[in-house]
Amino acid sequence: MTTVSLPDGTPLELAAGATGADAAAAIGAGLARAALAVKQDGVVQDLAAPLADGARIEVITERSGQDALDLIRHDTAHVLAAAMLDLYPGVKISIGPPIEHGFYYDFEFPDGVTFTDADFERVEAEMRKHVKADEPFVRDDVTVAEALERFRAEDQPYKVELIEDLVAGDGVEHVSLYTNGPFTDLCRGPHAPSTKRIKAFKLQSVAGAYWRGDASRQQLTRVYGTAFFSKDDLEEHLRRLEEARARDHRRLGPQLGLFAFSDISPGAAFWLPHGTRVYNALIQLSREMGEERGYTEVNTPQLYDAELWKTSGHWGKYREHMYVTESEGRPLGLKPMNCPGHAHLFGLQQWSYRDLPARYSEPGLLHRDELSGALHGLLRVRRFCQDDAHVFCTEEQIQEEVTSCLDFAFATYAVFGFDRIGIELSTRPDERLGDDALWDHAEGALEQALAAHGLSYAINAGDGAFYGPKIDLHLEDSLGRSWQLGTVQLDYSMPARFGLTYTGADNADHTPVMIHRALMGSYERFIGILLEHTAGELPVWLAPVQALVLPIADRHAGVAAGVRDELRRAGVRADLDARTESVGRKIREAELRKVPYMLVVGDREAEDGTVAVRRHGEGDEGSVAVAEIAGRLAAITAARSA
RNA sequence: GCCGACGUAGCUCAGCUGGUAGAGCACUUCACUCGUAAUGAAGGGGUCCGGGGUUCGAGUCCCCGCGUCGGCUCCA
């Protein structure tokens with residue numbers, strides 16, 4: 001006898017050796033038909049897998065959410081591979097997993113064969129044949145030797161390499177193969193019972209992807225697709241992707257007159273007047289919040305003798321991403337980051353332990369020669385400005401300083417209502433400065449700060465900066481792609497390399513510790529993410545035009561200009577639309593520009609010193625005295641409350 | 001940088017198999033002076049990303065370059 005328990009805790013008795021399919025059948029015929037797989041103690045397995053006595057089980061059906069979608073998307077990846085082998089003899093297959101919103105499969109095509117999205121249609125047609133044929137997924141556990149023989153015979157070197165690595169790495173002796181129709185793949189599984197469970201699928205894009213993520217190895221052709229349990233779900237998914245395009249900051253920026261890009265300077269935004277207002281308002285926010293927290297602003301050069309970059313270590317590691325020039329034979333580098341400049345600045349002065357911590361901030365303009373293919377609107381640029389700061393402190397002050405950097409970061413995000421923040425601890429990379437004892441120490445300090453906040457975080461092993469580990473804070477864009485905004489980095493190396501010292505209470509020289517931190521990250525990236533999160537409807541305090549005064553007829557233009565001036569005197573960013581156009585048109589255009597407040601001035605308002613207030617997206621709210629609306633908007637701006 | 005796609009007026013896009021460029025919005029002018037999401041009419045505007053090539057003829061086909069988009073790699 002095998003006894004398993006169902007999700008509601010009910011025990012279910014089955015014959016010894018019973019499978020997931022048996023369990024589903026024992027519960028009901030309908031469930032047996034609907035069953036795709038079985039989850040045993042949290043692990044999804046084939047229906048044909050035997051159940052372990054005492055296991056908690058759950059039968060996976062179409063309604064099981066992500067587990068079920070992962071399953072058929074993985075199935076669809078196998079069907080794609082089967083179709084590709086049908087259509088492209090000699091194609092080499094590598095791997096094809098499910099991913100968050102779909103799946104991919106990586107192929108190597110024979111010489112001279114290129115694969116493009118124009119080929120999707122015939123591949124999809126071939127895939128449909130396999131789905132229609134209702135081909136079962138059959139698992140076969142074989143010895144490593146058998147598997148190697150099979151894939152060598154089929155001339156599938158990537159599969160051979162995967163098996164060899166499994167043997168070398170994990171010492172496996174058996175591997176599992178899954179066969180659907182004519183196609184057999186090395187695969188851990190699980191899979192649904194047959195290809196017919198795939199109800200709707202679509203190939204989406206083709207991309208290059210390096211074998212095993214290694215740029216020095218063969219580049220394969222990756223085919224992305226997605227699959228669902230119904231055509232409606234698939235269409236709904238595609239519709240959402242289309243909607244996300246409307247929130248794309250690259251579309252919103254020019255539309256709202258915030259910024260533009262030009263071929264003449266790839267990766268560098270041209271900030272238009274309204275975008276510059278937003279940009280400056282964010283810098284102002286950083287300044288005010290920094291001042292409250294004991295930061296002092298500094299201003300350091302753009303160009304430095306290569307000596308500085310050699311001292312910091314950047315010359316060796318990042319020179320190819322730096323813009324360099326020379327003057328009178330002296331090599332110079334345009335700063336890609338502020339830290340060496342700040343370290344040098346620290347060294348120009350004399351320091352006592354009584355002066356620490358010193359917190360230097362600078363909205364420094366940086367240039368990095370990013371790979372052309374990496375550029376992405378405002379989110380990845382070559383010219384940008386970080387809300388950068390460096391804290392120089394004693395060993396004893398680290399904990400408190402890192403903690404207050406994190407507090408500062410969350411306080412900044414709270415201003416914008418950002419609460420879904422991904423936290424990562426990035427640890428020592430292969431190429432690094434400093435010995436292991438230093439790294440142990442530094443990583444430990446960051447872990448403690450995170451623990452003190454009670455924050456849950458992911459470990460990003462090997463992704464630290466070359467001078468120290470870091471805590472990274474991530475937000476998602478409109479398509480769910482994750483972007484690093486904030487970072488707090490602990491650095492024991494650079495102060496020593498720059499020979500920085502302070503005089504301790506013992507009258508001896510000591511080396512300070514340096515904390516690098518940026519919270520918004522760069523103003524460019526932050527504005528990009530903010531636009532995607534708000535769909536361009538910036539909070540009132542940040543809107544480039546907070547109020548637009550709309551005279552109804554030309555005779556109201558004088559009064560309207562007076563209203564605008566009064567608002568401006570109160571510190572409100574107000575503009576006037578005095579064109580000879582209908583109010584309807586002016587309102588439509590202001591709505592499209594997402595201006596938060598439209599203030600209409602006609603005969604009635606001119607008469608009694610009021611404006612008719614219309615909120616963006618909400619319609620007419622009636623008349624309000626000019627002084628009152630000016631005070632209201634000034635208060636909102638001062639408080640950054642909406 | 002690599003793989004694939006794309007690049008036509010300020011913007012969004014049309015332009016079939018090669019036969020000398022088109023719409024809507026925007027812009028300019030004129031008329032209208034208007035009460036909460038488009039007043040009407042007329043007009044101007046294009047080295048079809050750049051450079052080569054094939055052809056009697058190239059926006060359209062081929063090659064090279066640049067840029068953008070989706071990925072990969074990278075991201076101090």
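Worth saying up front: this structure is predicted, and the values here are computed from it rather than measured. Just so we're on the same page: letters track the sequence lines, and every chain starts at 1.
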Checking all strands, does A:R368 fall into the base, sugar-phosphate, or nothing category for heavy-atom contacts under 4.0 angstrom?
base
So that I know where these two stand, are A:Y88 and A:F115 an aromatic pair - ring centroids less than 6.0 Å apart?
yes
Does a distance-only test, which skips hydrogens and angles, find a donor-acceptor pair under 3.5 Å between the side chain of A:R380 and the base of B:C74?
yes
With distance as the sole criterion, do the side chain of A:Q204 and the base of B:G71 form a donor-acceptor contact below 3.5 Å?
no
So, is A:R579 near the phosphate of B:U28, with a side-chain N or O under 4.0 Å from OP1 or OP2?
no
Using a distance-only criterion (donor-acceptor N/O pair, under 3.5 Å, no hydrogens), is the base of B:G4 paired with the side chain of A:Y224?
no
Parallel, tilted or perpendicular, as decided by the 30° and 60° cut-offs, for the rings of A:F261 and A:F259:
perpendicular
Pairwise 5' ranking along RNA chain B for A:L371 and A:R382, keeping only the more 5' one
A:L371
No-H, no-angle donor-acceptor pair, A:R588 side chain to B:A38 base, under 3.5 Å:
yes
Indicate yes or no: does A:D472 engage A:K470 in a salt bridge with an N to O separation below 4.0 Å.
yes
OP1 or OP2 of B:G70 versus the side-chain N and O atoms of A:R250: is any pair under 4.0 Å?
yes
Would one find a side-chain N or O of A:R604 under 4.0 angstrom from OP1 or OP2 of B:G35?
no
Between A:Y210 and A:K317, name the one whose nearest nucleotide on RNA chain B is closer to the 5' end.
A:Y210
Any-strand Watson-Crick or G-U partner of B:A41, both distances under 3.5 Å
B:U29
Among B:A76, B:A37, B:G4, find the nucleotide with the atom closest to the side chain of A:L592.
B:A37
Any side-chain N or O of A:R614 under 4.0 Å from OP1/OP2 of B:G35?
no
Partner of B:A9 under the Watson-Crick or G-U wobble criteria, both distances under 3.5 Å, comes out as none
Short N/O separations, protein against nucleotides 13-15 of chain B, under 3.5 angstrom:
none

Is the phosphate of B:A76, meaning OP1 or OP2, less than 4.0 Å from a side-chain N or O of A:K470?
yes
